[in-house]
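These notes are about the structure you will find just below.
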There are 2 protein chains.
Amino acid sequence: MTATDDHIDRLPEADDALAPVSSQAERVADMLRSFVINGSLAPGVRLSEERLSRKYEVSRNTLREAFRLLSRERLLVHQLHRGVFVSRPTCADVRDLFSVRRHLELPAVRRADRADTEAVRAVGAAVDEGEAARDHADWWAMGTANMRFHQALAALAGSARLNEFMNQVLAETRLVFHVMNDPEEYHAPYLDWNRRIHTALAAGHPDLAADELAAYLDASETQLVTAFTAMENGPGPRS
Amino acid sequence: MTATDDHIDRLPEADDALAPVSSQAERVADMLRSFVINGSLAPGVRLSEERLSRKYEVSRNTLREAFRLLSRERLLVHQLHRGVFVSRPTCADVRDLFSVRRHLELPAVRRADRADTEAVRAVGAAVDEGEAARDHADWWAMGTANMRFHQALAALAGSARLNEFMNQVLAETRLVFHVMNDPEEYHAPYLDWNRRIHTALAAGHPDLAADELAAYLDASETQLVTAFTAMENGPGPRS
DNA sequence: GTCGTGGGATTGTTGAACAATACTTCAATC
DNA sequence: GATTGAAGTATTGTTCAACAATCCCACGAC
């Protein structure tokens, strides 16, 4: 290497997202993931290898690779010799999910003073997005914005691995709504809470924001658990 | 169902571990995982589909399913059309891993008062195990005990998902030692720290234990990052 | 020394085949 | 009528062989 090549070293690293296109298995996994998250595939449904491979024109082997990926994300469950099913979270799962979220979100918010200013801006953007969706009565977009809001809170910690983990947890949380047939417009009131949290954050009061968030999580968990137990005892859709 | 069947309902639930045996792909994944963690497969090494499928007498398809599982755990990295390689963590990965561990371990310890007493006992058992291994100069067992210690700390939170995530993080951390050719006996002094943390925990001083743990993590991260940058500049093993 | 340009090796994906297991149906029995 | 048992059927688990797509490497031209 000569001195004239120095500018090469100063170039930014190759972005992983730019590098190679995804494989067929990953594309299928992405598609199925979106179907599970948006409810096109209801919890408990069995995914037939033969039918899906025919419908999406991929071989069974490729499809099974996609199944493995999604099983690791807990969106599908794999039962030996029985097939794969869309996860059907239990009440215990709901409690566990909120336990995880407390561990991921609260410390991230409480130490938000060290966070990147860009990360705080992302929180505000998610709040704006959610309110806009509410104004248009676009409940699905509102749920997406709420997910992005909490993703942005966890991202304040600035850890790639925590971000990815949080993504999985939120995807699973969304599954919970489907298993309860929970209309997403019920969650509109929580948007005001989001706004308060961001305001406290932007004003430089992370502890206040964290306290608000803790109350938010308590309330949300209580609501979900209550609805869940009512459904489990009542005539909910069983499989 | 008649009244005479009531005793059936009172039976304990079927244990998941008991239910179905694992598939071939999962067994292969378990084996490869242990090879990566114990260093039989060095970081950066490429895993040839053909050679491994012949050596372990599984088809390429089955082997690829195992690869997908381990890629999601970040123990292997999959490059399209190039194959799978044992992960080679970078210095940025080390920092991220410790960031994650602070989020998982510190809150768990700080709220240890709510933890199951059995979980606290597991922490003590891991400490004992580590000291026994040190006395026998069994460095590999010492490393394993240390992993189990931190796993037990995270388990104080009582969340299944956090436990699994922590497991992955610790497995990756162990990879870091291999990428640096770091002899595990270097970590013997940390055992005394573990003992202090457990003592504070058992005495009912979780905040003290957390402070000790925070110092531990800071020291450990500093040591690793220092060694890492030295290796990256020096004549370390590149690929 | 750099830049094309092959050939060879490896991965990506498919389709078919068979074994192993689970599910379903239906008759026999109490 | 409900339960048990034993068929057959359907689905998954796994392997194998084949081919296309891509990458790697060595060779030669400039």
Side-chain angles (χ1 to χ4, degrees), chain A residues 1-9 14 16 18-32 41 44-72 76-87 238-239, chain B residues 1-9 14 16 18-32 41 44-72 76-87 238-239:
Chain A
M1 179 192 299
T2 70
T4 60
D5 285 332
D6 281 354
H7 62 285
I8 297 288
D9 295 335
D16 287 345
L18 178 148
V21 295
S22 59
S23 72
Q24 186 104 332
E26 281 159 12
R27 281 195 298 274
V28 173
D30 290 342
M31 184 177 56
L32 291 179
L41 286 168
V45 164
R46 176 165 153 275
L47 282 70
S48 161
E49 292 188 355
E50 196 210 353
R51 281 169 55 189
L52 280 179
S53 68
R54 204 133 34 81
K55 182 168 178 62
Y56 296 115
E57 296 178 323
V58 296
S59 75
R60 273 181 64 211
N61 288 317
T62 300
L63 187 63
R64 286 168 63 89
E65 285 201 7
F67 283 169
R68 293 284 184 182
L69 293 178
L70 296 174
S71 297
R72 267 229 156 270
L76 303 180
V77 291
H78 185 164
Q79 297 188 31
L80 201 63
H81 290 285
R82 295 201 50 218
V84 297
F85 304 78
V86 180
S87 282
R238 294 290 182 90
S239 75
Chain B
M1 180 192 301
T2 71
T4 60
D5 285 333
D6 281 355
H7 61 285
I8 297 288
D9 294 335
D16 287 347
L18 178 148
V21 296
S22 59
S23 72
Q24 184 107 331
E26 281 158 11
R27 282 195 298 274
V28 173
D30 289 343
M31 183 177 57
L32 291 179
L41 286 169
V45 165
R46 177 168 151 272
L47 282 72
S48 161
E49 291 187 357
E50 197 211 352
R51 280 169 57 188
L52 280 179
S53 68
R54 202 133 33 81
K55 181 169 179 63
Y56 296 114
E57 294 178 326
V58 296
S59 75
R60 275 180 64 210
N61 288 320
T62 300
L63 187 63
R64 286 167 63 89
E65 285 201 7
F67 283 169
R68 294 284 184 182
L69 293 179
L70 297 174
S71 297
R72 263 226 158 266
L76 303 180
V77 292
H78 185 163
Q79 297 188 31
L80 200 64
H81 290 283
R82 295 201 49 217
V84 297
F85 303 79
V86 179
S87 281
R238 296 290 184 91
S239 76

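Side chains included, hydrogens not; waters and symmetry mates left out as well; all remaining heavy atoms used.
Regarding Arg54(B), its CZ atom lies at a distance of 12 Å from the P atom of dC16(D), rounded to whole Å. The CD-C1' distance, from Glu57(B) to dT15(D), rounds to 13 Å in whole Å. What separates CZ of Phe85(B) from P of dC23(D) is a distance of 12 Å, to the nearest Å.
For the segment residues 58-69 of chain B, residues with any heavy atom less than 4.0 angstrom from an atom of DNA chain D are, sorted by number, Val58(B), Ser59(B), Arg60(B), Asn61(B), Thr62(B).
Distance check, rounded to the nearest 0.5 Å: CZ of Arg72(A) to OG of Ser71(B) gives 10.5 Å.
Val77(B) approaches Ser87(B) most closely through the heavy-atom pair CG1-OG, 3.4 Å. Nearest heavy-atom pair across Ala66(A) and Val28(A) is CB-CG1, 3.9 Å. Of all heavy-atom pairs spanning Leu52(A) and Phe67(A), the tightest one is CD1-CZ, 3.9 Å. Between Glu57(A) and Gln24(A), the shortest heavy-atom contact is O-NE2, 4.1 Å.
The side chain to side chain contact (heavy atoms under 4.5 Å, CB included) check on Arg68(B) picks up Ser23(A), Ala25(A), Glu26(A), Glu65(A), Leu69(A), Arg64(B), His78(B), with sequence neighbours excluded.
Between Gln79(B) and dT11(C), a side-chain N or O to OP1/OP2 separation shorter than 4.0 Å is absent.
Formation of a donor-acceptor pair under 3.5 Å by the Thr62(B) side chain with backbone atoms of Val58(B) is not found in this model.
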**OP:** Go through the steps for Met31(A) and Arg27(A) under the test side chain to side chain contact (heavy atoms under 4.5 Å, CB included), then give the verdict.
**Re:** CA-CA 6 Å; Met31(A) 184 177 56; Arg27(A) 281 195 298 274; over 6 Å; no

Is there any protein nitrogen or oxygen under 3.5 Å from a nitrogen or oxygen in nucleotides 6-10 of chain C, and what are the pairs?
| from | atom 1 | to | atom 2 | distance (Å) |
| --- | --- | --- | --- | --- |
| dT10(C) | O3' | Arg46(B) | NH2 | 2.4 |

